[in-house]
Amino acid sequence: MTLEVDRIYCGDCLDLMREMPDKSVDLVLTDPPYGVGVEYGSFEDTQENLAALVSEMMPEILRVSKR
């Protein structure tokens, strides 16, 4: 996949970030689940699942962010 500038992509954020070059993003805006038991269609909102999600996405966020 070739990612273009000034375009909105719809997809799994981890899949898309893995396609991005290092230090190529000015801002990463997230709205992860809070781990408080809210019902989502495809995510079990537990503290454990939230921790696993954050530990998987943070390395990619830090890699692609210019900081």
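Reckoned from all heavy atoms, side chains included, excluding hydrogens, waters and symmetry mates. These figures come from a predicted structure and were not determined experimentally.
- Remark: E19 does not engage R63 in a salt bridge, criterion side-chain N to carboxylate O under 4.0 Å.
- Checking side-chain atoms of D22 against main-chain N and O of V64 turns up no donor-acceptor pair under 3.5 Å.
- A heavy-atom distance below 4.5 Å is found between the side chains of V54 and L50.
- S24 places no side-chain N or O within donor-acceptor distance of the main-chain N or O of M20, the cut-off being under 3.5 Å.
- With values rounded to the nearest 0.5 angstrom, D15 atom CG is found 10.0 Å from E60 atom CD.
- To the nearest 0.5 Å, the span separating SG on C10 from CG on L16 amounts to 8.5 Å.
- Taking CG from L14 and CG from L53, the interatomic distance works out to 7.0 Å, rounded to the nearest 0.5 Å.
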Under the side chain to side chain contact (heavy atoms under 4.5 Å, CB included) criterion, do T30 and I61 qualify, and how do the steps go? CA-CA 10 Å; T30 66; I61 289 172; 4.0 Å; yes
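- Between D45 and V36, some side-chain heavy-atom pair lies under the 4.5 Å cut-off.
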